[in-house]
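Have a look at the structure below before the remarks.
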Amino acid sequence: MNSKILNIINKQSLTKEDLSFLISLSGAERDYFLKSVGSKYPKTLGKKVFFRGLVEFSNYCTKDCYYCGIRKSNSHSQRYDIDDKAIIEAAIFAHKNQYGSIVLQSGERSDNTFTERITKLLKEVKSVTQGELGITLSLGEQSEDVYREWFSAGAHRYLLRIESSNKELYYKIHPNDDKHNFESRINCLKILQKIGYQTGTGVMIGLPFQTYNHLADDLLFFKGMEIDMVGMGPFIEHTETPLYQHRKTLWPLQRRFEVALNMIAALRLLMPDINIAAATALQAIDPMGREKALKYGANVIMPNITPTIHRKDYTLYENKPCTDEGAEDCSNCLSIRVEMAGREIGYGEWGDSKHYFKRHQQTER
Ligand code: 5AD
Ligand code: FES
């Protein structure tokens, strides 16, 4: 069996069957696969890990995804919206601590008040950090004009997870209506790429009805779309959401975690030069979850720098880690963890996706 694994690892191009086989591994064979990828990829990609300070600045959301704890219909969610001053302070904290870049994330809104506010914030973050802090946005589906406006104002990366690249499964985890349209979501990714954003997407792993073949197709979707960055993590059921009713059909949490790491390692083989994030949801299952992801393929980690009082309310899923610590504690704790995983922190670097520059034939910053 190990020789079959080694054979696949050394192949030039991976088929759906290869990927599905790798993703489904367990036990000693899985250990062998992960360790082989872990020793192979830092040789090509380098040992560096990049920090993105994550600011979850609001949990107001106009959408109703069936898996998400901050969905519009969850009346138990305590809604908040952090003021601009606190967001700017978080950005200054990230800059001072040499994080290189931040991610601004919130529930999805597309009204003018919101989109104009983001434009203003982007300009301000750029100005107070002398243009040095990179900015990634994770604010859902927007019009091409809005994406362009935000790009001009200083955002250069955008995260928009496809959640599942299988249309049928997509509609099992989202309402089938105008607001949650599968094709529109793919179209948004294409528009982001056309504008020039480094474009990131991702999926959840261990969803109800999901199979290894779906997951293999997800990886091929990233490759087919020439995606620059991927964030993917285990699905964690939330009591106040419709998908909770399927909890008995899910893989055990530990298996979701294992398959998530398998996905990261398989993706690293398939796309050696992209950025892969060690998703926070990994840590909700295993206290060392993110560090394990860094060992087997991930090269980006997103310390939470949301002001602490609001962290508890950004509960996309339950058991979310690091909701008590302040940003300072998070940063200390993480640097130790990254070193323990045998990696180095790329302090003060944007840590752009090498894949993006290959696509654009530009020079890296
Ligand atoms: N479990 C795991 N991940 C989730 N997300 C939302 N809800 C859950 C959940 N219950 C992820 C989605 C979204 C990202 C911001 O958080 O993939 O894109
Ligand atoms: Fe907010 Fe899905 S519930 S974007």
Side-chain angles (χ1 to χ4, degrees), residues 23 30-31 33-35 37-39 41-42 45-56 94 97-103 105 136 138 157 159 161 200-206 229-236 253-268 274-306 308 311 314-347 349 351 353:
I23 298 164
R30 173 175 176 271
D31 290 345
F33 161 56
L34 293 182
K35 288 207 177 103
V37 175
S39 62
Y41 88 95
L45 192 76
K47 280 176 105 177
K48 275 198 185 152
V49 170
F50 302 102
F51 277 3
R52 320 277 185 237
L54 175 63
V55 190
E56 296 160 332
N97 284 274
Q98 301 228 309
Y99 278 15
S101 69
I102 55 167
V103 181
Q105 188 177 79
T136 305
S138 176
R157 303 189 188 114
L159 305 174
R161 287 191 180 177
T201 191
V203 294
M204 282 175 287
I205 297 157
M229 324 180 284
V230 172
M232 47 187 181
F235 165 65
I236 300 172
L253 271 179
Q254 193 51 37
R255 183 61 187 155
R256 280 176 252 167
F257 177 81
E258 286 176 13
V259 177
L261 286 193
N262 292 356
M263 282 283 281
I264 290 176
L267 179 61
R268 181 51 78 202
I274 64 167
N275 278 350
I276 304 180
T280 312
L282 290 166
Q283 203 187 334
I285 301 182
D286 179 330
M288 293 298 282
R290 290 187 297 183
E291 294 69 19
K292 289 182 183 165
L294 293 178
K295 274 191 169 164
Y296 305 129
N299 66 331
V300 166
I301 197 156
M302 292 159 59
N304 195 334
I305 58 168
T306 309
T308 320
R311 285 196 198 179
Y314 200 81
T315 31
L316 308 179
Y317 45 87
E318 280 145 345
N319 248 336
K320 204 161 164 259
C322 297
T323 47
D324 294 327
E325 289 94 327
E328 295 276 0
D329 300 333
C330 248
S331 137
N332 288 336
C333 147
L334 263 175
S335 54
I336 296 166
R337 284 159 170 264
V338 168
E339 279 152 29
M340 269 162 49
R343 313 295 304 273
E344 285 163 20
I345 301 166
Y347 280 115
E349 295 180 47
S353 162

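Note that the structure is predicted; figures quoted are calculated from it, not measured.
Between V103 and M302 there is a side-chain heavy-atom pair separated by less than 4.5 Å.
The distance from the OG1 atom of T136 to the CD1 atom of I102 is 8.5 Å, given to the nearest 0.5 Å. Atom CZ of F51 sits about 12.5 Å away from atom CD of E349, to the nearest 0.5 Å. In this structure, NZ on K47 lies 5.5 Å from CD on E344, to the nearest 0.5 angstrom. Atom CD1 in I301 sits 4.5 Å away from atom CG in L294 (nearest 0.5 Å). Atom CD of residue Q98 and atom OH of residue Y347 lie 8.5 Å apart, to the nearest 0.5 angstrom. From F50, atom CZ reaches atom OH of Y99 across 15.5 Å, with rounding to the nearest 0.5 Å.
Listed for the N262 side chain is no donor-acceptor partner under 3.5 Å among the backbone atoms of R30. No donor-acceptor pair closer than 3.5 Å links the side chain of S353 to the backbone N or O of M229.
Minimum interatomic distance between A277 and G231 (heavy atoms only, all atoms of both residues): CB-CA, 4.2 Å. Taking both residues in full, the closest heavy atoms of I205 and A260 are given as CD1-CA, 3.7 Å, listed atom of the first, atom of the second, then distance. The two atoms that bring R52 and P303 nearest to each other are O-CD, 3.0 Å, heavy atoms only. Of all heavy-atom pairs between I285 and F257, the closest is CG2-CB, 3.9 Å. Contact detail for L54 and N304: the closest heavy-atom pair is O-OD1, 3.4 Å. Here the closest non-hydrogen pair linking A94 and I305 is CB-CD1, 3.9 Å.
Q105 meets the side chain to side chain donor-acceptor pair (under 3.5 Å) test with S138, Y314; sequence neighbours excluded. Under the salt bridge (charged side-chain N to carboxylate O under 4.0 Å, His left out) criterion, R256 pairs with E237, sequence neighbours left out. Partners of L45 under the side chain to side chain contact (heavy atoms under 4.5 Å, CB included) rule, at least two apart in sequence or in another chain, are Y41, R268, N299.
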Legend entry - Intermediate values then yes/no, side chain to side chain contact (heavy atoms under 4.5 Å, CB included), R255 and V259: CA-CA 6 Å; R255 183 61 187 155; V259 177; 3.6 Å; yes
Inset, instruction - Could you check L282 against K292 for side chain to side chain contact (heavy atoms under 4.5 Å, CB included), going step by step and ending with a plain yes or no? - result: CA-CA 9 Å; L282 290 166; K292 289 182 183 165; over 6 Å; no
